[in-house]
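Remember, it's a predicted structure, so these values are computed and weren't measured experimentally. Numbers restart at 1 for each chain; the letters A, B, ... are given by sequence-line order, proteins then strands.
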Amino acid sequence: MADPNEQDREDLIAFLDGELDDAKSREIEARLTLDTSFRAEADALKQAWGLLDYLPQPEAPADFTNRTLERLSLQQMRSSLRVEHRVRRRWLPRLVWTAAVLLAGGLGFGAATLLWAPRSDPAEFHSNMVRYLGVIEKFHLYEHAEDLEFLQRLDQPDLFGSEN
Amino acid sequence: MLRVRDDDPTAFAELVELYHHRLLMVMHHLVGNQEEAEDLSQEVFLRVYRGRKKYHPRAKFSTWLFTIANNLALNALRSRQRKPIVPLDVRDSGPLGPRPAERMVLDRENQPGQRMQQQELAGIVQKALEQLNERQRMAVVLNKFEDMNYAEIAEVMGLTTKAVKSLLSRARENLRAALKDYIFMDNEPSAAEATDEE
């Protein structure tokens, strides 16, 4: 019989793996019965497959789970630090700007308070206005007098003699 | 895994404990060294944890686990091709080393000798496995050591069942060729013995 071709080999291996449907499996079984070289091929494939059992079977270290959990914790910590750093980077300029505006506003308010202090009491202010109304009405005359003593002397009747 | 998804505090540790032996073995057979296998296995579990909210129990959890493992292992192997790692424990019997057929004879009286032969055979089989390309190697390991059928392997590797059938066929043929000196046919000497007699 002809040497197995690629399709034959695929079907043979699928048969060995139990992956062929019933009809195809019966075909392969029949050929294995009749074809010595096909049988030898199957045998060689099975042996090679069996040699994989000689591969070393690694022992999992006893602390594998703990080390995995530690690595997870470390990763989560790094991740939260990165987020914190990103948040800080994003918000820092805004914080600085806001603080600067507030500071400037505060300074301005303070300066305005000092420079333009509000009148102590409106009622007192109005009372003083009434009290000094006579002075305020004649202020345009008084501002030419240089001192109060001069004004008082002007008031003396003997300064310029009598009119009679 | 559903408990892990729902942030049950002990569930993840239990999951790791349950699956790490199998995962480690698969990784070890793929990458060929314990340290890298452990590192990759841990990374698989970390990815499982990070992706826990996306987990839907449509298929077996092991299928999902090994899908992640497949991606990581293939990346590691491809990266290794770009930056070859020289193994520290090079096993080389040298040009005048004993012929394979002679070493296959079991010395029942010498247990340490038997162990050494098995270790050497393990190394030879490991080398044969490493000669397969990454996808063939993955398919072989999943089929052999995880007992996955073609459909499951197809799901893990993102292939069709037909493609897996073809992949495994080529892989097993390549393995057979690489290990021909250790395969004894009925009534036929191995290639090494035939050369010896000549």
Side-chain angles (χ1 to χ4, degrees), chain A residues 3-21 24-25 28 32 35-80 82, chain B residues 12-17 20-25 27-29 33-34 37-39 41-43 45-46 49-50 118-126 128-129 140-141 143-145 149-151 161-162 164-166 168-180 182-186 188:
Chain A
D3 284 341
N5 60 25
E6 200 174 315
Q7 188 57 57
D8 291 338
R9 191 171 293 115
E10 272 190 32
D11 288 340
L12 175 60
I13 288 167
F15 170 78
L16 293 173
D17 286 341
E19 294 275 350
L20 278 190
D21 60 40
K24 206 71 188 162
S25 293
I28 298 293
L32 283 170
D35 186 343
T36 346
S37 64
F38 197 60
R39 206 164 45 242
E41 175 84 6
D43 194 45
L45 287 165
K46 278 194 282 191
Q47 282 194 54
W49 197 241
L51 284 173
L52 291 177
D53 292 330
Y54 282 89
L55 283 172
Q57 302 299 317
E59 279 289 320
D63 61 345
F64 181 88
T65 302
N66 284 341
R67 284 199 279 121
T68 305
L69 295 176
E70 277 168 16
R71 194 165 153 178
L72 177 63
S73 297
L74 202 63
Q75 214 173 64
Q76 286 176 320
M77 202 178 1
R78 277 195 199 132
S79 180
S80 66
R82 266 199 301 269
Chain B
F12 182 63
E14 288 172 25
L15 192 80
V16 174
E17 199 55 39
H20 76 273
H21 293 275
R22 284 165 63 183
L23 183 60
L24 202 55
M25 187 171 64
M27 284 302 195
H28 189 274
H29 292 325
N33 83 76
Q34 181 74 354
E38 284 179 24
D39 188 56
S41 299
Q42 281 184 349
E43 187 57 37
F45 283 116
L46 295 182
Y49 187 82
R50 283 202 295 270
Q118 286 183 345
Q119 278 175 2
E120 191 165 326
L121 186 55
I124 289 160
V125 176
Q126 182 70 43
L129 190 62
V140 162
V141 169
N143 189 232
K144 173 72 178 174
F145 297 105
N149 60 32
Y150 289 11
T161 311
K162 194 168 181 300
V164 169
K165 184 183 175 190
S166 177
L168 272 172
S169 173
R170 284 198 301 276
R172 288 181 69 160
E173 178 54 28
N174 289 342
L175 269 178
R176 187 183 75 104
L179 295 169
K180 65 180 185 324
Y182 305 90
I183 293 169
F184 297 98
M185 309 303 283
D186 287 344
E188 285 175 3

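Separating the CG atom in A:Leu51 from the CD1 atom in B:Ile183 is a distance of 6.0 Å, to the nearest 0.5 Å. For the atom pair CG (A:Leu20) and OH (B:Tyr150), the distance works out to 7.5 Å, reported to the nearest 0.5 Å. Between atom CD of residue A:Gln57 and atom CZ of residue B:Phe145 there is a gap of 6.0 Å, rounded to the nearest 0.5 Å. Rounding to the nearest 0.5 Å places CD of B:Gln118 at 11.5 Å from CG of A:Asp53. Between atom OG1 of residue A:Thr65 and atom CZ of residue B:Phe12 there is a gap of 9.0 Å, rounded to the nearest 0.5 Å. In this structure, the separation between CZ on B:Arg172 and NZ on A:Lys46 is 10.0 Å, given to the nearest 0.5 Å.
Looking only at heavy-atom pairs under 4.5 Å with chain A, the residue among B:Leu168, B:Asn143, B:Thr161 that has the most is B:Asn143.
Applying the ring-ring contact (aromatic ring centres under 6.0 Å, His included) rule to B:His28 yields no partners; only residues at least two apart in sequence or on another chain are considered.
You'll find the side chain of A:Arg67 stays beyond 4.5 Å of the side chain of B:Val16, heavy atoms only.
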Between A:Glu59 and B:Gln34, is the side-chain contact (heavy atoms from CB on, under 4.5 Å) condition met? List the steps.
CA-CA 9 Å; A:Glu59 279 289 320; B:Gln34 181 74 354; 5.6 Å; no
Assess the residue pair A:Phe64 and B:Gln42 against the criterion (side-chain contact (heavy atoms from CB on, under 4.5 Å)); give the C-alpha distance rounded to whole Å, side-chain angles, the decisive distance to 0.1 Å, and a yes or no.
CA-CA 8 Å; A:Phe64 181 88; B:Gln42 281 184 349; 3.7 Å; yes
side-chain contact (heavy atoms from CB on, under 4.5 Å) between A:Tyr54 and B:Tyr182, intermediate numbers included:
CA-CA 12 Å; A:Tyr54 282 89; B:Tyr182 305 90; over 6 Å; no
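In this structure, no portion of B:Asn174 lies under 4.5 Å from any heavy atom of chain A. For A:Leu69, the part lying near chain B is the side chain, with the backbone staying farther off; criterion is any non-hydrogen pair under 4.5 Å. In this structure, chain B has heavy atoms under 4.5 Å from both the backbone and the side chain of A:Glu10.
Under a 4.0 Å N-O distance rule, the pair A:Arg9/B:Glu173 qualifies as a salt bridge.
For residues 72-79 of chain A, heavy-atom neighbours of chain B at less than 4.5 Å comprise A:Leu72, A:Gln75, A:Gln76, sorted by residue number.
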